[in-house]
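Order of the sequence lines sets the chain letters (A, B, ...), proteins ahead of strands, with each chain counted from 1.
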There are 2 protein chains.
Amino acid sequence: MTGGRGARIYDVLRETRPLVLNSARVVEAALRDDGISVGMRAVLEVLATAGPLTVPGIAHRLDLARQGIQRHVDDLAARGLVTAQTNPAHRRSVLVRLTEAGTALFDRVHDDELARLDTIAADCGDDEIAAALKVLRALNRDVRR
Amino acid sequence: MTGGRGARIYDVLRETRPLVLNSARVVEAALRDDGISVGMRAVLEVLATAGPLTVPGIAHRLDLARQGIQRHVDDLAARGLVTAQTNPAHRRSVLVRLTEAGTALFDRVHDDELARLDTIAADCGDDEIAAALKVLRALNRDVRR
DNA sequence: CTCGATATGACATCATTGTTGTCATGACGG
DNA sequence: CCGTCATGACAACAATGATGTCATATCGAG
């Protein structure tokens, strides 16, 4: 055996950092023309996926501090990509939601990304991709213990 | 079907960012007492794994610019964890190698990390972890096209 | 209902780190 | 030998995650 279970999980984790860096480079290049950053794009994605959320709610979904998300939301609002909406559950903490322009921008960006990903990792089967997703979710769940 | 192949690969990629962030937080907390950063630790790992390398060589392995690596190497040298070694293949570009202190530090840190990882993602089988590794490597190989 | 604890927005600061640029010099191939 | 490239050294910048503070709104306990 080449190593214990921990060593094999370590190998998995070691692949993640360059993957995040490289995909961020690709995504950033695609976003440059639109004048938004990867951080701002991450906020757009959460809003597109989970619907209107408060700033702390977005931060929780992304495992980030609310202060940093506040910056991104402010920047996005200044560009007219998100807007505030009254929150029925909390009068002070408004819900942030995508504007039409924000929805259109994210949809376009996202479609482009999906098209690119269709042709990638051609040597991996659907079962292997599903296993990778399961393992990564398990790691995300446990690593913050 | 819930989405095409690209959508499933996208789901995999989406897990990687928080995973990198959270594991970096854990690693950083463990390194704080030793006074080194995650970037410096990454350099130590490359040197421990691949043996003495030049600064551009380390940068290539980590997919980073040589300038940033130079900083980490300088910091590590100032702490006595790495040292220069004459390069038989290139008189000017010296090889960086771990000192005894550097080797001891990385071994200790790495052993601690492996011990933690042994108990993680208990619901994932060895075959699933192997599949995850294969998929991540394929993504790393193709994403920078 | 009152009060204390907590959440939130706003604002500010800092550290890490990836990126980019420059320059002099050595290394290497044509 | 000369032009091109690689390398080290140095510098500056941008994005972003982390941290702290403060006033105020919100909420739950008593």
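Side chain of Asp118(B) to main chain of Gly6(A): a donor-acceptor pair is present (N/O by atom type, distance under 3.5 Å, no hydrogens or angles).
For the segment residues 17-31 of chain A, the set of residues with a heavy atom within less than 4.0 Å of an atom of DNA chain C comprises Arg17(A), Leu21(A), Arg25(A), in numerical order. Heavy-atom distances under 4.0 Å link DNA chain C to Val55(A), Pro56(A), Arg66(A), Gln67(A), Gln70(A) of residues 43-71 of chain A, given in residue order.
In terms of heavy atoms, Leu44(A) sits closest to Leu81(A) at CD2-CB, 4.4 Å.
Separation of atoms CG (Asp63(A)) and CG (Asn140(A)) is listed at 7.5 Å; rounding is to 0.5 Å.
Within a 6.0 Å sphere centred on CZ of Arg116(A), other residues, nucleotides and ligands contribute 12 heavy atoms or fewer.
Rounded to whole angstrom, the span from the NE2 atom of His72(A) across to the C1' atom of dA10(C) amounts to 16 Å. With rounding to whole Å, Leu76(A) atom CG is found 11 Å from dT16(D) atom P. One atom, CG of Asp74(A), and another, P of dG9(C), lie 10 Å apart when rounded to the nearest Å. Asp75(B) has its CG atom 13 Å from the P atom of dA9(D), to the nearest Å.
Contact check on Lys134(B) versus Asp127(B) returns no salt bridge, with no Lys/Arg side-chain nitrogen under 4.0 Å from an Asp/Glu carboxylate oxygen. The existence of a salt bridge linking Arg14(A) and Asp11(A) is confirmed by a sub-4.0 Å separation between a basic side-chain nitrogen and an acidic carboxylate oxygen. In summary, Glu113(B) and Arg108(B) do not engage in a salt bridge, as defined by a charged side-chain N under 4.0 Å from a carboxylate O.
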message: Would Leu47(B) and Arg97(B) count as a side-chain contact (heavy atoms from CB on, under 4.5 Å) here? Give the steps.
response: CA-CA 6 Å; Leu47(B) 294 177; Arg97(B) 70 168 177 80; over 6 Å; no
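For Ser93(B), a side-chain nitrogen or oxygen approaches OP1 or OP2 of dG8(D) to under 4.0 Å. Within the 4.0 Å cut-off from OP1 or OP2 of dT16(D), at least one side-chain nitrogen or oxygen of Ser37(A) is found.
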